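Heads up: the structure comes next, in structure tokens.
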Amino acid sequence: MAPIDLYGINLSAPVRIVQMTAECVGVKYNLKKVDLRTGEHLQQEFLKINPMHTIPTVIDGDIVMSESRAISGYLVNRYAMDDSLYPKDPVTRARVDQRLYFDMGFLYKAIADIIYPTIFGIGKPVREDKFHKLKEVLGWLDGFVAEDKFAAGTDHLTVADLAL
């Protein structure tokens, strides 16, 4: 199997989700650096690959995909030896999907609302309510892994754990 091309940078948490998934299922990848800070994602060469100009982006043969959680599911479905990382059982799969959507809709946003303005010096100082929201979201995350379980309530790693 030929390596896939993974466009992004190691600094990106979504890129790392794809890297970890690829490593878990034994898929080799070529990391093609796309530096957001310098605007490489807005250059015509990259826009031809991904007009949404987001990272990570993966090319696997004729398949071009973006969005880390979808890429992770694809990699498991296509290359994993079993379904333990992305279980086919409907109830367990629903829990995994819910955690993936939680990561995208709540956790990543709550962290980004604090980290991006701080790291990149964007806008005004971070408001106190953003810290309270992050604390609330982290409490929900803590509940997912209660009782020594993995994020989806399983006794093994899933893509939900890689994302979170």
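Everything numeric here is computed off the predicted structure, so don't read it as measured data.
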**Message:** Does atom CE (Met81) have a neighbourhood of more than 12 heavy atoms from anything else shown, all under 6.0 Å?
**Reply:** no
**Request:** Flag the pair Tyr86 / Val96 as yes when at least one side-chain heavy-atom distance between them is below 4.5 Å, and no otherwise.
**Result:** yes
**Asked** Looking at side-chain heavy atoms only, is the closest gap between Asp60 and Tyr74 below 4.5 Å?
**Response** yes
**Pairwise side-chain contact, Ile114 with Phe131, heavy-atom cut-off 4.5 Å (strictly under)** = yes
**Considering all heavy atoms, the nearest Arg37-Asp35 contact** = N-OD1, 2.9 Å
**Message:** Using only atom types and a distance under 3.5 Å, with no angle test, would you say the side chain of Thr57 pairs donor to acceptor with the backbone of Thr54?
**Reply:** yes
**Asked** Looking only at heavy atoms, which two atoms of Met1 and Tyr79 are closest? And how far apart?
**Response** SD-CE2, 3.1 Å
**Item:** Donor-acceptor contact below 3.5 Å, side chain Asp161 vs main chain Phe150
**Value:** no
**Asked** For the side chain of His156 and the backbone of Ser84, is there at least one donor-acceptor N/O pair under 3.5 Å apart?
**Response** yes
**Min side-chain heavy-atom separation Leu75-Ile4 under 4.5 Å** = yes
**Prompt:** Under 3.5 Å, side chain of Gln43 to main-chain N/O of Glu45, donor-acceptor pair present?
**Reply:** no
**Prompt:** Would you say the side chain of Thr21 lies within less than 4.5 Å of the side chain of Val76, judging by non-hydrogen atoms?
**Reply:** yes
**Message:** What's the separation between atom OG1 in Thr158 and atom CZ in Arg95, rounded to the nearest 0.5 Å?
**Reply:** 10.5 Å
**Item:** side-chain contact (heavy atoms from CB on, under 4.5 Å) assessment of Ile9 paired with Ile55
**Value:** CA-CA 8 Å; Ile9 52 175; Ile55 61 168; 3.9 Å; yes
**Asked** Are side-chain heavy atoms of Phe102 and Leu164 found at a separation under 4.5 Å?
**Response** yes
**Prompt:** Closest heavy-atom contact between Leu6 and Pro56?
**Reply:** CD1-CB, 3.7 Å
**Request:** Decide side-chain contact (heavy atoms from CB on, under 4.5 Å) for Met104 and Leu100; before the verdict, give the C-alpha distance in whole Å, the side-chain angles of both, and the deciding distance to 0.1 Å.
**Result:** CA-CA 6 Å; Met104 183 66 181; Leu100 292 171; over 6 Å; no
**Complete:** Closest non-hydrogen atoms of Arg99 and Ala151, given as atom of the first, atom of the second and distance, are NE-O, 2.8 Å
**Asked** Between Arg69 and Tyr101, is there a donor-acceptor pair closer than 3.5 Å when you use the side chain of the first and the backbone of the second?
**Response** no
**Message:** Do Phe144 and Gln98 make a side-chain contact, defined as non-hydrogen atoms from C-beta onward lying under 4.5 Å apart?
**Reply:** yes
**Message:** Salt bridge or not between Lys130 and Asp113? Use side-chain N to carboxylate O under 4.0 Å.
**Reply:** yes
**Request:** Quick one: do Trp140 and Leu107 satisfy side-chain contact (heavy atoms from CB on, under 4.5 Å)? Show the steps, please.
**Result:** CA-CA 9 Å; Trp140 297 333; Leu107 182 61; over 6 Å; no
**Request:** Using the rule that two of Ile, Leu, Val, Met, Phe, Trp, Tyr join whenever any of their side-chain heavy atoms come within less than 4.5 Å, decide whether Val15 and Tyr116 are in one cluster.
**Result:** no
**Item:** N-O pairing of Asp155 and Lys149 below 4.0 Å
**Value:** no
**Asked** Do other residues, nucleotides or ligands put more than 12 heavy atoms under 6.0 Å from the CZ atom of Arg78?
**Response** yes
**Request:** Evaluate the side-chain proximity of Lys109 to Lys133: yes if any heavy-atom separation is below 4.5 Å, no if none is.
**Result:** no
**Request:** Report yes or no: does Asn77 contribute a side-chain atom to a donor-acceptor pair with the main-chain N or O of Gly73 at less than 3.5 Å?
**Result:** yes
**Message:** Run Tyr7 and Lys33 through side-chain contact (heavy atoms from CB on, under 4.5 Å) and show every step you take.
**Reply:** CA-CA 6 Å; Tyr7 292 81; Lys33 292 188 178 174; over 6 Å; no
